[in-house]
Each structure stands twice: as C-alpha cells, then as structure tokens.
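Single-structure report; data block below.
These numbers come from the heavy atoms of this one structure, side chains and all, not from hydrogens, waters or symmetry mates. Every chain is numbered from 1 and lettered A, B, ... according to where its sequence line falls, protein lines coming before strand lines.
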Number of protein chains: 2
Amino acid sequence: MLILDGLPDRPLNGKTPLRVAKKPNLDKIAEISVNGIMDTIAPGIRPGSDTSHLALLGYDPYKFYTGRGPIEALGVGLELKPGDVAFRANFATVDGEGSIFDKVVVDRRAGRIADTEDLVRALNEISLPIEFKVAKATGHRAAVVFRGLFTDFVTDTDPKFVGEKVKRCKSDRAEVAEIINEFMQKAHEVLEKHWVNELRAKNGLKKANAILLRGAGVMKEVPSFKERFGLKLKVISATALIKGVGKLVGGEVFTPPGATGNKETNLNAKISSAIKSLDSSDVVLLHIKAFDEFGHDKDFEGKVGFVEKLDVHLSSLLELDFSETCLIVTSDHSTPVKVGDHTADPVVISIAHEDVRRDEVTTFDEFSATKGGLCRIRGMDVLNIAFDLLDVAKKFGA
Amino acid sequence: MLILDGLPDRPLNGKTPLRVAKKPNLDKIAEISVNGIMDTIAPGIRPGSDTSHLALLGYDPYKFYTGRGPIEALGVGLELKPGDVAFRANFATVDGEGSIFDKVVVDRRAGRIADTEDLVRALNEISLPIEFKVAKATGHRAAVVFRGLFTDFVTDTDPKFVGEKVKRCKSDRAEVAEIINEFMQKAHEVLEKHWVNELRAKNGLKKANAILLRGAGVMKEVPSFKERFGLKLKVISATALIKGVGKLVGGEVFTPPGATGNKETNLNAKISSAIKSLDSSDVVLLHIKAFDEFGHDKDFEGKVGFVEKLDVHLSSLLELDFSETCLIVTSDHSTPVKVGDHTADPVVISIAHEDVRRDEVTTFDEFSATKGGLCRIRGMDVLNIAFDLLDVAKKFGA
C-alpha cells in the first residue's frame, strides 16, 4: 500500500498537479488496476494523517484514535501502555516572575533549538510520584508520557500563542493535573539553570527554559494488527505521526537510510525497502510525505515536480507478481494547494492485482478515478478488498 | 440547498419527467457542479419527507426521528419540549351510542370541514390533569400536544377506516393512556354540542364531533443546528412537515407570501426569499413541494410542466458568487408517477462551488447523474461536503 500523503487536489483553472504531471508509471498502475475515489474517513470529513492511516489499516478512528500525543510519543520511540497520558511537547522560552504558570511565553520554539539531548536527559531525572519519560523529537520538539494516569479528560499546558501565560493542566482527576503541573514547574526549574541554557544566554540565544505540552491524549487498548488479521504489518515512513500509527496497531516500523519525510527523501531507498519487505511481511504500508508539504506550502509546481520525481522510481512496482501481490496506490487525504491544509475531497485509489475487474481508467488523477470500477469507497474498506483478492479473507456466514 | 420534493422518477418507456422537460437552468447548474446520485437515508430505504430532510440536515433519522406527530405539531407552530406526546389530528364525524370509544367513524374528515377555529378554541378549554394544546392545521387537520407525558410507547386513536370504532389510546404508562382517552371523551362531548356543529347539522353538513389522533410520537432531546455546527439555519417551506423538521433542529422557519406548498405556489417569492436569506443565514434550505404531489397523483406531464415552470426562475441561482456560496440542488426522495408514492430510487444531486472537481455531466437527470464525480453518496454526507468546500469543516485528527 503506497500512500501519497496529501497528493490529491482541487482544480485550479480546471487542473490539478496530478492532471499536469507526466507520470507514465502511475498511469500504467491505473491501467492495470480497478480504480475509484475514496473517503478515507467519510464524505465531507476532513482527515488528519493519523486518523486516516488508522482507517486505511482497518482501525475505526472513531473507536481507536487516542489524540495526537500518544501517537507522536509512540512515533518517537516511547513505549505506551493503556492509561498512559501522552503529549507532544515544545521546548520554549518563557519570561517573568513567580511559578511557571505566572510566566509568559516569549518563543514557542526557544529560538528553534535543535540540540536538546542534554536537556531531555536532565528532564528525565526529575523526581515525580509516578513514572514518566521524555523523548527528543526533531528540532525543538519532544514527546512526554506519564505512566498509568487513567483519565477521561486532560488538557494541554501550551497556550498556543506567544505573549500568553503557560496554562495549568486540567483533568477530571485532580491528582492527574497535579502531577503534570508539578512536572511543568520542576521542568522549568531544571531547564532554567541548565548549563546548555546558560551557554545559550551567554551567546545571545533564547533559553529553552520551559517545555509546553500539547496534543493531550490517553493511550487506549488497541488490538494488534496480527491479532485482528493474523498478518504481519510493516510501516515504512520517516514521519513520527505515521510511525506512531504503525506502533499503535502493533506493526513493525522502519525508516530506511536517507528517508527524511520531506522532499529531500531517498525515494529509491524507500521503494526498494518496501519491495524487499514483502518477503518478510504480509502488509507493507509505504508512506511518502512530501506531497502534503507542497500542499501546505501552496506550491502547485512543487507537487507536480515531486509526482514526476517519484514516478521514475515506480517502474519497479510494475514488476511485482500481481498473481500473489496486491498493490494499492492511494492517499490519506487531499491537501489542495489553494487551501494549504487537509480537505475532505475524496482521494484517488488504484488497486492492482491479476484478478481485479479492470476498468477503462488509464490515468491516475482525481477526475479519471471517478469513472473507475471501484466507484466510491471508504478507507476502512481498502484492506478488506485486498484480503479478498489475495484469498486471505474469511467468509462471514455459510 | 434547493430540495425538489419527490422529483426523481422511474423510467416510463425509458423517459422520466427530468429527461423530457426543457430546463436550461437546471442543466447549467449540473454543468458547473460535481454531480451524483444519493440515497437520502440508505440504498433501498424508502424515505419519508421528514426522515430524509433530517438526514439532509445532518441529523441521523434513526436517532432523532420522533414520528410524525411531534414534527407536524412543531410545523403548525406548537412549542414542544422533550417528553411531550404529540399527534396529528383530524376533525371527524362519529355516530352511535355510549362513550367515544363505542362510536363508529362515519367520515374521517367531517365533510372536509375547514373553518375549525372555534372548535379548536373550545377544545383548548377542556380541563385535563396536565397541560395540553390543540392547534389548527390546514382543512380538517389539527395537531395536539400533551405536555410532559414521557413514555416509550403510545398509540393512535384514529382507527384509519370508516365504519370502525374509535380506538382507545394505549401506552406503557397507564396514566398516559388515561389522560389521552379522557381528552378523547371530553373533546367528543364539547364538539357534539358546539354551536358550529349544531349549525352544520341544521344545514345538512356532517358534524365535526370527534377528533382522531394519529402519528403518535414523543418529543426528543435534539441538539440544535447552531449547537452542532455553529451555523445559522433557515428553512423556507410552506409544508407543515418540513417546517416541523426545521423547528425540530432549532432552525428559523419561514413561509414567503404566496408560498402554498402546491403547484400554485409563488416560485419567484420562494427563490428570491432564499437568495436574500443568504445574507443573514449560513445554511438556507429551500423546499419546493409540488413535484411530490404530481408524483402521488401519477401525473407525468404535470411533473414535466412544473420542472419547466420552476426552471425559468432558477437563472438567479446561477448568479450566486460560487467562490463563497455552495449551491446544492437535490431531492428528498423519488416519487415515481408509476408508483404514486415515495420510493428509494436514488435522487439526483448537483453541488456547485468554485472549487468542486467538475465532471462531464451537463444535464440534470437520473441517468446523467450516475456518471458524475460524486458517484453515490448519502443524505447525511451532503452538508459535510458543503462545509468542507466552504472551509468551515474541522479536521478530525492531525
């Protein structure tokens, strides 16, 4: 399953990047496939990349979505158990007198600090009444998990805007909020006087003297992919959020060397790795992120160029043995360049296998796909269709 | 959202009214739209106009439908609270000895009595152990609400056939049935000796000496449209049932002067009113009823003629600013002239907005629509799709 993150678009002067790009291999995939359009969640529902990937892996996001914190935390390598409260976090700069909650956020990225290893180590030495763990993520980002805090409601401490005070965590369980607020205060004290920050101050750089928590979520009991389908899943991605979804459903997660999650990524390494993984895994999800970034950046030509760049590498997918392999090419959502964010416009989907009822679609784009033999399906349907084609589906009834 | 009630049809000699009618404006709307077919509830489920309008407004009818009584009662202007038991009602003529439940229905419409104002006033003066209210509806019709009777099960008193005895109301709560049956008896006594009926008897007209209750339903807790979507809804209709749906979801309800809910309606007033309402409302539902009546009357030519009559007035819709307005033209259900009643044949839907992925459909009819870019959607999807296009949708996930 090749996921072209955010690739589908809305027409600008009747054109979309997929309509403009030269992409003989993608078109060839459409030609040997049954094609259609797909609502990864439901018509009109704007998907996140996390909720849509859950659906594409057969997990109802309305049932299994934990919020972003736990998924990002899993994605950067933290272990989570049901009941753990997890957050995404930013190193930030705060200023003022009194406790952390009296201070004002001056920079939500602490001058885009990147070398946070020593700060993270210091945070992990804080003493709290419960187990917790901080992990470094890219740049000024981190993830924090608080073990076993079972709660129905817990809020962020990130005020989201510069110039505002750090927020107190709230929860339906007072002790949960207390522990997290204790962490906030102690983290501030540890960071404020840390040698890294003293050095930064000397060099005129902003201190990373606070950590702001956001994307609050509680880890759920999620049955593993292996338990549910009896099949081995591998997720290939360089994006923490997608790796987190892979971990959440108990899949193997792999980032090939040179895979970056952006337009500089090593496409060859990702595709080779995916093909090779078919030997040892039953379901391989290969995630290519850059289209979504071009969408967010409102860069039409960037999307076109990256489609063409990727297409060159797709010839190897056409050499798969379609008598025993099912190739699905689709997206998790549209990220139209006009909007610069995810929309609910249906995505394109092509399913190649020897036994599909091929249609007359010969180009991979948003318009041609509507004439395909799949008509309009949903994200939760995809793996079931593949399992049926591959004869690993069970009969419901007699 | 323009709802052409019951317009879609089944082919007669390969033709439907939409295929025969000359309708350049409707076709032009299809041309600038993304088109498709739609099951307002689900494939094969025959929709009522009430359940389908609920779905079109984003309310799952399986969850929020109250039965017809409360919706009609709301539609004729009664105020309802959760737990109220409401009925549609007919003034009728009964004959025989004993209590109302010993008597036989002679005419379910009391000789099509229309001037019922004084009778309704008299009914509202009856003394019951609980609060209740009777409201006049068109012709021999009325609506009755009994306040705060919270019950899971309550039955009609209308036997539905002439020559049968008036039925006793039954309920899972004995006191509920007792109160309603007490109303039935007292209403009969008040009506029997009312001066209007004495006058009618003198003039050889049938007495409106009973009121028959049907469409029994209990008002539910329904979150308002504003609460759910943060948007202001206006429903423009002359039909009590549709106005009732609008009220049920907390919308503003308006009947323009000259709007009648039938083929004599003032189309110009309705369409002008809808366009004008876009200034002060976020979502405007304009309901045009007459197609459904032609369907019930099995009048193919009548449907064709009314399509052509309406089409003349639709040019103003084409002048909307589609960069900030989304126009949806569809129906609540099919009412094929061959059947003379609602069927589950999917309806035609066209969604016009600057950013839609336009398809090659250039005529608004049941056959062309199947080739459109929407493929096949459901009634509950419609507003979500519009909210996505208009950028008022929220992302689910990250």
Which bit of [X] is near chain B, if near means a heavy-atom gap under 4.5 Å: side chain, backbone, both or neither?
| X | value |
| --- | --- |
| A:S368 | neither |
| A:A42 | neither |
| A:L54 | neither |

Ionic contact status for A:K303 with A:D9, cut-off 4.0 Å
yes

Between [options], the one whose heavy-atom pairs under 4.5 Å with chain B are most numerous:
| options | answer |
| --- | --- |
| A:V339, A:T51, A:D341, A:T370 | A:T51 |
| A:P61, A:G14, A:A369 | A:P61 |
| A:S49, A:G67, A:P336 | A:S49 |
| A:P43, A:P346, A:S52, A:G36 | A:P43 |

Closest-packed option against chain A by number of heavy-atom pairs under 4.5 Å, given [options]:
| options | value |
| --- | --- |
| B:N384, B:I385, B:D388 | B:D388 |
| B:E354, B:R357, B:K395 | B:R357 |
| B:V34, B:L374, B:L383, B:V382 | B:L374 |
| B:G397, B:A393, B:G372, B:G373 | B:G397 |

Which residues pass the salt bridge (Lys or Arg N to Asp or Glu O under 4.0 Å) test with A:R376, not counting sequence neighbours?
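A:R376 satisfies salt bridge (Lys or Arg N to Asp or Glu O under 4.0 Å) with A:D39 only.
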
With a 4.5 angstrom heavy-atom cut-off, is it the side chain or the backbone of B:K394 that approaches chain A, or both, or neither?
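Interface part for B:K394: backbone (N, CA, C, O).
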
Measure B:D359 against the heavy atoms of chain A and call it side chain, backbone, both or neither at under 4.5 Å.
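Neither; nothing under 4.5 Å.
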
Do the side-chain N and O atoms of [X] and [Y] include a donor-acceptor pair separated by under 3.5 angstrom?
| X | Y | value |
| --- | --- | --- |
| B:T335 | B:H333 | yes |
| B:E366 | B:T16 | yes |
| B:D27 | B:T363 | no |
| B:N35 | B:S33 | no |

Expected output: side-chain B:R228 to main-chain B:G58 donor-acceptor under 3.5 Å
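Checking the backbone N and O of B:G58 against the side chain of B:R228, a donor-acceptor pair under 3.5 Å is found.
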
Is it true that the NZ or CZ of B:R358 lies under 6.0 Å from the centre of A:F367's six-membered ring and within 45 degrees of the ring axis?
no

Criterion side-chain contact (heavy atoms from CB on, under 4.5 Å) on A:Y62 and B:F396, from CA distance to verdict
CA-CA 9 Å; A:Y62 290 105; B:F396 172 38; 3.8 Å; yes

